[in-house]
Amino acid sequence: GASKRANPEKSETFLVMRTLRDMNMSKFVAEDVPLFLSLIDDLFPGLKADKAVFEDVEGAMTKIVLEKGLQVHPSWMAKCVQLYETYLVRHGIMLVGPTGAGKSAIAETLSGALSALGTKHVIWKMNPK
């Protein structure tokens with residue numbers, strides 16, 4: 001609903017394809033991404049969707065990254081945006097991955113960016129052990 005209201009000029013097929021792609025990309029390991037994109041191309045032949053853009057959030061994330069002394073690496077920033085997209089449609093989020101993969105940095109960057117935009121965010125870390 002929100003996607004259609006934000007893009008009234010786009011077709012529903014286009015919005016479904018983009019939503020399927022954007023909501024699932026963050027769940028795949030790198031080796032599975034080409035296969036998934038191939039499946040999307042088969043389901044929606046001839047449609048090429050641009051990625052959703054969140055200018056205010058992406059700008060705030062870039063500012064937080066620079067303040068923390070990190071590099072603004074495009075693929076890492078894409079992961080931040082994927083976390084934000086997941087945050088928009090889920091009530092709870094769990095980040096999993098190996099030590100040193102950047103999970104905490106991504107969560108803290110998004111939290112800082114959203115707080116800078118006016119909504120205070122707090123991260124609760126839970127130890128599964």
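Sequence positions, counted from 1, serve as the residue numbers for this chain. Because the structure is predicted, anything quoted here is derived from the model rather than measured. All values below were derived from every heavy atom in this structure, side-chain atoms included, with hydrogens, water molecules and symmetry-related copies excluded.
- Note on Ile93: it clusters hydrophobically with Met61, by side-chain heavy-atom contacts below 4.5 Å among ILVMFWY residues.
- For the pair Leu37 and Val33, the minimum side-chain heavy-atom distance is below 4.5 Å.
- For Phe14 against Lys48, the heavy-atom pair with the smallest separation is CE1-O, 3.9 Å.
- Met17 places a side-chain heavy atom less than 4.5 Å from the side chain of Ile40.
- Residues Lys27 and Asp32 are not paired through a salt bridge, judged by the lack of any N-O separation under 4.0 Å between the basic side chain and the carboxylate.
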Sequence neighbours left out, cut at 3.5 Å: what donor-acceptor pairs do the side chains of residues 71-81 make with other protein atoms?
residue: His73; atom: ND1; partner: Ser75; partner atom: N; Å: 3.4
residue: His73; atom: ND1; partner: Ser75; partner atom: OG; Å: 3.0
residue: Lys79; atom: NZ; partner: Gln82; partner atom: OE1; Å: 3.1

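- Clustering ILVMFWY residues whenever any of their side-chain heavy atoms sit less than 4.5 angstrom apart, transitively, puts Met25 in a cluster other than the one holding Leu110.
- No side-chain heavy atom of Phe28 sits less than 4.5 Å from a side-chain heavy atom of Leu35.
- Side-chain N or O atoms of Thr119 include none that pairs as donor or acceptor with a backbone N or O of Ser115 at under 3.5 Å.
- A pairwise comparison of heavy atoms in Val57 and Ala113 identifies O-CB, 4.2 Å as the closest pair.
- When all heavy atoms are compared, the tightest approach of Tyr87 to His121 is OH-NE2, 2.6 Å.
- Using a 4.5 Å heavy-atom cutoff, the side chains of Val122 and Lys120 are in contact.
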Report the C-alpha separation of Met23 and Val89 in whole Å, then their side-chain angles, then the decisive distance to 0.1 Å, and conclude whether the side chain to side chain contact (heavy atoms under 4.5 Å, CB included) test is met. CA-CA 9 Å; Met23 290 298 107; Val89 296; 3.4 Å; yes

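- The two atoms that bring Lys103 and Pro98 nearest to each other are NZ-O, 2.8 Å, heavy atoms only.
- Rounding to the nearest 0.5 angstrom, the gap separating the OG1 atom in Thr13 from the CZ atom in Phe44 is 7.0 Å.
- In this structure, the separation between CZ on Arg21 and CG on Leu39 is 14.5 Å, given to the nearest 0.5 Å.
- The shortest non-hydrogen separation linking Tyr84 to Leu114 is CE1-CD2, 3.7 Å.
- With a 4.5 Å cut-off on side-chain heavy atoms, Phe54 and Glu85 count as touching.
- For the pair Thr109 and Lys68, the minimum side-chain heavy-atom distance is below 4.5 Å.
- A pairwise comparison of heavy atoms in Ala107 and Leu95 identifies CB-CD1, 3.8 Å as the closest pair.
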